[in-house]
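Below is one structure, written out as structure tokens, with a few remarks after it.
Chain identifiers are assigned alphabetically (A, B, ...) following the order of the sequence lines, protein sequences preceding nucleic acid strands; residue numbering begins at 1 within each chain. Below, each value reflects all heavy atoms present in this structure, side chains not excepted, and no hydrogens, waters or symmetry copies.
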Amino acid sequence: MFVGDTGIVQLDRFRDALCAWLEENTGRLEPLIPGITLAEEVRRSRHNQQQLYEAGWSRYGWDELVGGLGGSPLMRAVVAEEAMIRDLLHGSSFAITEVVLPSLVTAAPHLARQYGPGLLRGVEGWCQGFSEPDAGSDLASLRCRAIDRGDHWVVTGQKIWTSYAQFAQRILLLTRTGTPESRHRGITAMLVDLDTPGISVRPLQAMSDRPEFSEIFFDGVAVPKERLVGELDGGWGVAMNMLRSERGGIFWMLSASLLSRLASLVREAPPGPADDELIGHCFLSIAALRTRSWSTQHRIAEDSMTTPETSIDKILMSTAEQELFDVALRLLGGRIEFSSDPDADRWRSGYFYSRAASIYGGTAEIQRTIVADQLLGLPRSR
Amino acid sequence: MSAPGLYADVHRSFAAALAHDDPATARRNLLDAGWLDALEADEAMAVAIVFRVQGARPCHAGVLDDVMIKRLAPSWPVFDQEVAVTYPIAGRGRSPSGETHAVFAARRDVSRILYVSDTAGEAIELLELTAPLEGRSGLGVEADGQLLMLTGYPRGTVVARLTAEHRNAWDEALAAGRVALAHQLVSSASVMLHLAVEHARNREQFGEPIGAFQAVKHRLADAMVAISAANAAAVAAATTMSQTAAAVAKALAGRAADRAATHCLQVLGGIGFTAEHRFHRYFRHHLVLDRLLGDHHEIARELGGQLRSGALDAERVVTLADPFQLELFETLTRHDTP
């Protein structure tokens with residue numbers, strides 16, 4: 001199905017069939033309408049993920065190991081794009097599937113087989129335990145310790161700014177298994193159940209008035225050895241692969257969502273001819289993300305994209321998202337600042353969340369340094 | 001022959017053809033090297049390569065005329081390659097000497113011209129010249145004799161007028177021309193970045209290369225980000241050939257070149273400001289290219305107006321079903337990367 005005589009997936013046919021299904025099945029889908037809580041958004045998003053899974057759509061492009069039907073990974077990006085512009089997914093919460101599952105399939109097939117389907121179906125939520133209070137942009141300095149106790153590890157430490165951990169059942173955790181000075185060489189990745197004794201998750205209220213992330217405390221948490229992802233002390237490579245995946249299909253989905261947000265902004269707060277240049281430049285910034293992401297999707301699918309190159313996509317993403325909400329702040333003329341109706345609340349939470357786009361997932365500064373050092377070959381700072 | 005080998009061969013042959021200072025000679029060489037056949041056979045590749053070579057040199061061999069005329073000719077069969085296009089310069093406030101249009105100097109010997117009043121395609125005429133084309137070169141930032149500036153309506157008789165039925169053809173010609181110019185802007189911006197990166201690696205101050213300073217790194221990274229987006233947009237527009245994608249590609253390329261020019265001059269410092277360093281040639285070149293067929297602010301206004309009218313409500317610019325030519329993309333990127 002959707003595969004032509006040449007063996008190449010016919011993405012246009014796939015997209016048309018998907019769109020037709022989405023039209024016919026609006027009754028069983030629950031869009032993320034304005035005025036609902038974050039917890040309700042996550043619940044609806046998972047409900048819609050289940051519907052997409054049961055109808056088969058979200059299984060295309062995934063390995064059979066995790067319940068997938070095979071096919072090009074581009075099919076996943078098409079499903080995410082079409083679902084996102086219909087407000088059927090909570091982007092950041094859904095994103096974890098794209099971030100974690102591809103790495104899990106290669107680095108820990110046994111875990112992918114056992115736990116992957118639950119994530120893909122939307123039955124479970126996972127989160128990504130990278131940042132720590134003293135390890136943000138300098139991720140290689142993380143300290144959350146895993147001590148070898150024969151058949152299991154004992155994990156002690158803290159993670160912070162972990163997106164949507166309070167809604168998650170499992171965490172892809174980066175731990176320190178080498179010496180404190182071993183930096184990127186002594187990091188090990190593992191998949192940990194968040195209901196394991198010794199773990200406490202504390203949601204953090206963000207400036208958007210929503211609990212966008214949590215801090216997580218690990219106090220002598222026993223993790224079976226079989227939960228290892230990748231090699232012992234090989235967690236840095238796993239993390240880098242995850243960053244590359246994060247900047248693949250998710251940014252594609254985001255670019256579609258930003259285009260549709262801009263169109264709805266123009267409908268809700270009609271600008272005048274004097275604003276043409278402002279909104280035109282905003283359209284251009286989103287188109288910059290989108291065309292770059294188009295080339296990135298294809299290059300990732302053909303395995304010809306390196307992780308440092310995806311820093312360019314990250315910078316384009318944060319620039320476009322912030323520019324869109326800067327324009328919204330101007331055109332809405334005070335509604336974000338002074339109103340509390342469902343539509344205003346939605347624009348406001350989007351506006352605040354966009355402020356973090358140049359911070360999470362690697363700050364704008366670290367991305368620029370990566371571009372300069374690794375792509376332009378400029379000398380390292382002393 | 002494998003595709004990558006073919007691209008590299010075409011690139012080498014077109015670059016050799018354009019390595020002549022006289023624009024008319026460079027154009028003849030390019031025609032001898034099979035430019036028009038290549039344009040016919042594989043437009044996306046031929047245009048990408050020729051315009052990137054032009055941007056990297058920098059020069060103008062009048063090939064933009066060929067790209068535009070290819071789109072007009074099928075529905076308006078009054079053309080042959082002896083027609084040159086006049087490009088409107090939408091100046092605000094007229095110069096006393098009255099420059100209104102630019103023509104590529106490589107085409108100075110033509111007998112027919114396409115007189116384009118404005119890029120919207122409102123009044124376009126094909127003229128049979130009754131006297132040699134009169135124009136001045138070396139005006140403004142253009143110092144290499146690559147452009148002729150027309151100061152009034154050329155002496156000639158109208159052979160044909162573009163009517164409403166050809167409007168689509170004009171829109172397609174404009175889109176094709178914008179994609180071509182986007183490629184040329186991307187490679188000019190890439191050369192500017194290349195020059196600045198080389199300088200930042202070698203120039204030492206405070207006992208270390210200035211490229212080790214984060215303030216310098218981040219300027220150059222910003223230039224690379226803008227150029228990379230413009231590069232992808234140009235390739236995407238060449239694939240979809242939609243008017244919106246072409247407008248996006250031209251505007252993003254103009255914006256990227258503007259950003260690269262600013263950041264790279266700042267990093268090059270005093271030496272970059274001199275006439276002896278070749279940086280200024282690319283700086284001047286990008287100013288000219290951005291103006292042709294609509295500068296990036298003008299195109300932003302154009303897109304903004306379309307957004308307001310609802311014409312872009314369902315616009316996605318490019319979709320994953322649009323085919324991606326990995327080989328071409330990688331060849332272009334390899335030639336452009338510092």
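With a 4.5 Å cut-off on side-chain heavy atoms, B:Glu330 and A:Ser304 count as touching. Between A:His298 and B:Pro323, every side-chain heavy-atom pair lies at or beyond the 4.5 Å cut-off. Annotation: side chain of B:Phe324 is in contact with side chain of A:Arg299 (closest heavy-atom distance under 4.5 Å). With a 4.5 Å cut-off on side-chain heavy atoms, A:Leu376 and B:Leu193 count as touching. Contact check for B:Glu315 versus A:Phe283: side-chain heavy atoms found under the 4.5 Å cut-off.
For chain B, the nearby parts of A:Pro271 are the backbone and the side chain; heavy atoms of each come within less than 4.5 Å. Looking at A:Leu278, neither its backbone nor its side chain comes within 4.5 Å of chain B, counting heavy atoms on both sides. Both the backbone and the side chain of A:Ser285 come within less than 4.5 Å of a heavy atom in chain B. Of the two parts of B:Glu302, neither the backbone nor the side chain holds a non-hydrogen atom closer than 4.5 Å to a non-hydrogen atom of chain A. Heavy atoms of A:Leu289 lying under 4.5 Å from chain B are absent altogether. Neither the backbone nor the side chain of B:Thr240 comes within contact range of chain A, judged by heavy atoms closer than 4.5 Å. Contacts of A:Leu74 with chain B are made by both backbone and side-chain atoms, with heavy-atom separations under 4.5 Å. For A:Glu365, the parts sitting under 4.5 Å from any heavy atom of chain B are the backbone and the side chain alike. Using a 4.5 Å cut-off between heavy atoms, B:Arg219 makes no contact with chain A at all. Only the side chain of B:Leu326 comes within contact range of chain A, judged by heavy atoms closer than 4.5 Å. The part of A:Val266 that comes within reach of chain B is its side chain, from C-beta onward, which places non-hydrogen atoms under 4.5 angstrom from that chain.
With A:Trp294 contributing its side chain and B:Leu320 its backbone, the two residues share no donor-acceptor pair below 3.5 Å. In this structure, the side chain of A:Arg290 engages the main chain of B:Val318 through a donor-acceptor pair within 3.5 Å. Checked by atom type and distance alone, the side chain of A:Ser381 pairs as donor or acceptor with a backbone atom of B:Ala212 at under 3.5 Å. In this structure, the side chain of B:Arg201 engages the main chain of A:Gly377 through a donor-acceptor pair within 3.5 Å. B:Lys217 contributes a side-chain N or O that, together with a main-chain N or O of A:Pro379, makes up a donor-acceptor pair within less than 3.5 Å.
Per-residue counts of heavy-atom pairs under 4.5 Å with chain A were compared for B:Val235, B:Leu303, B:Leu307; the largest is that of B:Leu307. The residue among B:Leu220, B:Asp222, B:Val216 with the most heavy atom pairs within less than 4.5 Å of chain A is B:Asp222. Contacts with chain A were tallied for B:Ala229, B:Ala300, B:Ala321; B:Ala300 has the most, counting heavy-atom pairs under 4.5 Å. Per-residue heavy-atom pair counts under 4.5 Å with chain B were compared for A:Ala287, A:Ser260, A:Pro273, A:Cys282, and the maximum is reached by A:Pro273. Interface check for chain B: of the options A:Ala372, A:Ser264, A:Ser255, A:Ser295, the most heavy-atom pairs under 4.5 Å are formed by A:Ser295. Chain A forms more heavy-atom pairs under 4.5 Å with one residue of B:Gly310, B:Ala221, B:Ala234 than with any other, namely B:Ala221.
The two residues B:Ser228 and A:Ile312 have their closest heavy-atom pair at OG-CD1, 3.4 Å.
To the nearest 0.5 Å, atoms CG (A:Leu284) and NE2 (B:His296) are separated by 9.0 Å. Going from atom CD1 of A:Ile279 over to atom CZ of B:Arg301 covers 12.5 Å, rounded to the nearest 0.5 Å. Note that the CD atom of A:Glu81 and the OG1 atom of B:Thr319 stand 7.5 Å from one another [nearest 0.5 Å]. Taking CD of B:Glu298 as the start and CG of A:Asp276 as the end, the distance is 12.5 Å to the nearest 0.5 Å. Atom-to-atom distance recorded for A:Thr291:OG1 and B:Asp322:CG is 11.5 Å, nearest 0.5 angstrom.
Between the side chains of A:Thr369 and B:Gln214, at least one donor N or O sits under 3.5 Å from an acceptor N or O.
By the salt bridge (Lys or Arg N to Asp or Glu O under 4.0 Å) test, A:Glu82 is found to be paired with A:Arg15, A:Arg86, B:Arg316, residues two or more places apart in sequence or in another chain being considered.
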Would B:His218 and A:Val371 count as a side-chain contact (heavy atoms from CB on, under 4.5 Å) if you check the C-alpha gap in whole Å, the side-chain angles of each, and the deciding distance to 0.1 Å?
CA-CA 8 Å; B:His218 287 191; A:Val371 170; over 6 Å; no
Pair A:Asp275-B:Arg308, salt bridge (charged side-chain N to carboxylate O under 4.0 Å, His left out): steps then yes or no
CA-CA 9 Å; A:Asp275 299 310; B:Arg308 273 193 304 113; over 6 Å; no
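Applying the ring-ring contact (aromatic ring centres under 6.0 Å, His included) test to residues at least two apart or on different chains, the pairs with a partner in residues 245-281 of chain A are A:His281-B:His297.
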